[in-house]
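Every chain is numbered from 1, with letters handed out A, B, ... down the list of sequences.
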2 protein chains.
Amino acid sequence: MPDLQPTFRALADPTRRDILHLLGGGDMTIAQVTDHFDMTRAAVKKHLTVLEQGNLIRVRPQGREVLNSLNAAALSPIRDWIGFFDQFWDTHLDALKNAIENKDLTHE
Amino acid sequence: MPDLQPTFRALADPTRRDILHLLGGGDMTIAQVTDHFDMTRAAVKKHLTVLEQGNLIRVRPQGREVLNSLNAAALSPIRDWIGFFDQFWDTHLDALKNAIENKDLTHE
DNA sequence: TTAATGTGATACCTTTTGGTATCCTATGAG
DNA sequence: CTCATAGGATACCAAAAGGTATCACATTAA
């Protein structure tokens, strides 16, 4: 089981989530990604580094350029983590259970 | 469609994710949650506030105490966001596609 | 009523984060 | 070869994050 922290961390920023969507459309160089945002290449590069640390993208040098590609598989452990909480879905049974346990049977 | 940012933000901290697991075992006061961590009540309270902003817990005063309860439903939009990327699962077709496009047909 | 207890709120500190500007290196086009 | 161009690396900055200590307030126990 991988360390989820770098991935959760990478997902916590809206720009980075946008980048993932962008890369869904195809591999991109850093310059190409930067064209879609109102910030410098250096800032985008930092986001890409965080995404790589979270295993969410693959970085592949191609001559002078560097292609960044989506690695959607990294989302699988995140989904699994969320899955643990499926058992806690509130079907309003909790509220009923609490009412009974608290013996709060007053009518208003 | 709710704003996912507060929820993603709340999930980005390991202590907060631990708190969610804790609350899966039942509602807890701030003091009870604090007992499980090596930090002050004030710090835990801050984490609980962030979790509440992310809609991941419900906070309910009960006399002098305050009960915190898990709201697993808040994870649903997150799961949906992740679901968008299902179409990008790498079945090694991407690698093949790139190889063809690049006409990189050298053997080794 | 008085004291203990559970919580809220604030000020403060340090580290991390998201961003810029700048300079350096490497590759590819003419 | 020369030089424009894609990136890497670093220093720097302001704001946010995670934590503590402290004090004030409300509720409950004695």
Side-chain angles (χ1 to χ4, degrees), chain A residues 3-23 26-69 98 102-104 106, chain B residues 3-23 26-69 98 101-104:
Chain A
D3 180 13
L4 297 184
Q5 181 54 24
T7 309
F8 268 118
R9 207 269 254 189
L11 292 175
D13 184 273
T15 298
R16 287 194 287 266
R17 295 197 299 277
D18 286 345
I19 290 176
L20 292 181
H21 270 111
L22 259 184
L23 294 182
D27 298 357
M28 281 186 171
T29 66
I30 298 181
Q32 287 173 324
V33 174
T34 303
D35 282 342
H36 289 80
F37 297 94
D38 188 28
M39 65 181 75
T40 64
R41 177 180 55 78
V44 169
K45 158 70 172 167
K46 281 191 183 180
H47 283 305
L48 290 171
T49 298
V50 174
L51 286 169
E52 189 184 13
Q53 287 168 347
N55 202 32
L56 286 159
I57 65 171
R58 304 285 172 175
V59 178
R60 166 171 38 104
Q62 192 112 38
R64 179 169 52 170
E65 303 180 335
V66 171
L67 281 184
N68 301 275
S69 56
N98 286 336
N102 294 336
K103 295 180 173 53
D104 182 6
T106 57
Chain B
D3 181 12
L4 298 183
Q5 182 52 26
T7 309
F8 269 116
R9 206 268 253 189
L11 292 175
D13 184 273
T15 298
R16 287 195 287 267
R17 294 197 299 276
D18 286 346
I19 290 177
L20 292 180
H21 270 111
L22 259 184
L23 294 181
D27 298 355
M28 282 185 164
T29 66
I30 298 181
Q32 287 173 323
V33 174
T34 303
D35 281 342
H36 289 80
F37 297 93
D38 187 28
M39 64 182 75
T40 64
R41 178 181 54 78
V44 169
K45 158 70 172 166
K46 282 191 183 180
H47 283 304
L48 290 171
T49 298
V50 174
L51 285 169
E52 188 185 12
Q53 288 168 346
N55 202 32
L56 286 159
I57 65 170
R58 304 283 179 192
V59 178
R60 165 173 38 105
Q62 192 113 39
R64 180 171 49 172
E65 303 180 336
V66 170
L67 281 185
N68 301 275
S69 57
N98 287 334
E101 287 175 347
N102 295 334
K103 296 182 172 51
D104 182 7

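Here the closest heavy-atom approach between residue A:S69 and residue A:L23 is recorded as C-CD1, 4.3 Å. In terms of heavy atoms, A:V59 sits closest to A:V66 at CG1-CG1, 3.2 Å. Closest approach of A:D13 to A:T15, counting heavy atoms only: OD1-N, 2.8 Å.
For B:R16 and D:dG18, a side-chain-to-base donor-acceptor distance below 3.5 Å is absent, hydrogens and geometry of angles not being considered. One N or O donor and one acceptor, one from the side chain of A:R41 and one from the base of D:dG7, sit under 3.5 Å apart.
The CE atom of B:M39 sits 8 Å away from the C1' atom of D:dG18 (whole-angstrom rounding). We find that NZ of B:K45 is positioned 17 Å from C1' of D:dT22, with the value rounded to whole Å. The CG-P distance, from B:L11 to D:dG18, rounds to 12 Å in whole Å. Rounded to a whole Å, the CG atom of A:L67 is 12 Å from the C1' atom of D:dA6. The separation between B:D13 atom CG and D:dA16 atom P is 18 Å, rounded to whole Å.
A residue-by-residue look at B:K46 and B:T29 shows that B:T29 has its nearest nucleotide of DNA chain C further toward the 5' end.
For B:T40, a side-chain nitrogen or oxygen approaches OP1 or OP2 of D:dT20 to under 4.0 Å.
Contacts of A:A31 with the nucleic acid, taken as non-hydrogen atoms under 4.0 Å apart, involve only primed sugar atoms and P, OP1 or OP2. Within 4.0 Å of B:A42, counting heavy atoms only, lies at least one base atom of the nucleic acid.
Candidate nucleotides D:dG19, D:dG18, D:dG8 were compared by shortest atom distance to the side chain of B:T15, and D:dG19 ranks first.
Put simply, the side chain of A:Q53 never gets that close to the backbone of A:T7: no donor and acceptor are under 3.5 Å apart. Of the possible polar contacts, one joining the A:Q5 side chain to the B:A12 backbone as a donor-acceptor pair under 3.5 Å is found. Without hydrogens or angle criteria, B:Q32 side chain to B:T29 main chain gives a donor-acceptor distance under 3.5 Å.
Along DNA chain C, read 5' to 3', the first and last nucleotides having any atom under 4.0 Å from a heavy atom of chain A are C:dT17 to C:dG28.
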Check residues 38-52 of chain B and write down every donor-acceptor pair under 3.5 Å in which the side-chain atom is one partner and the other belongs to a residue at least two apart or another chain.
residue	atom	partner	partner atom	Å
B:T40	OG1	B:A43	N	3.3
B:H47	ND1	B:R16	NH1	3.1
B:T49	OG1	B:K45	O	3.0

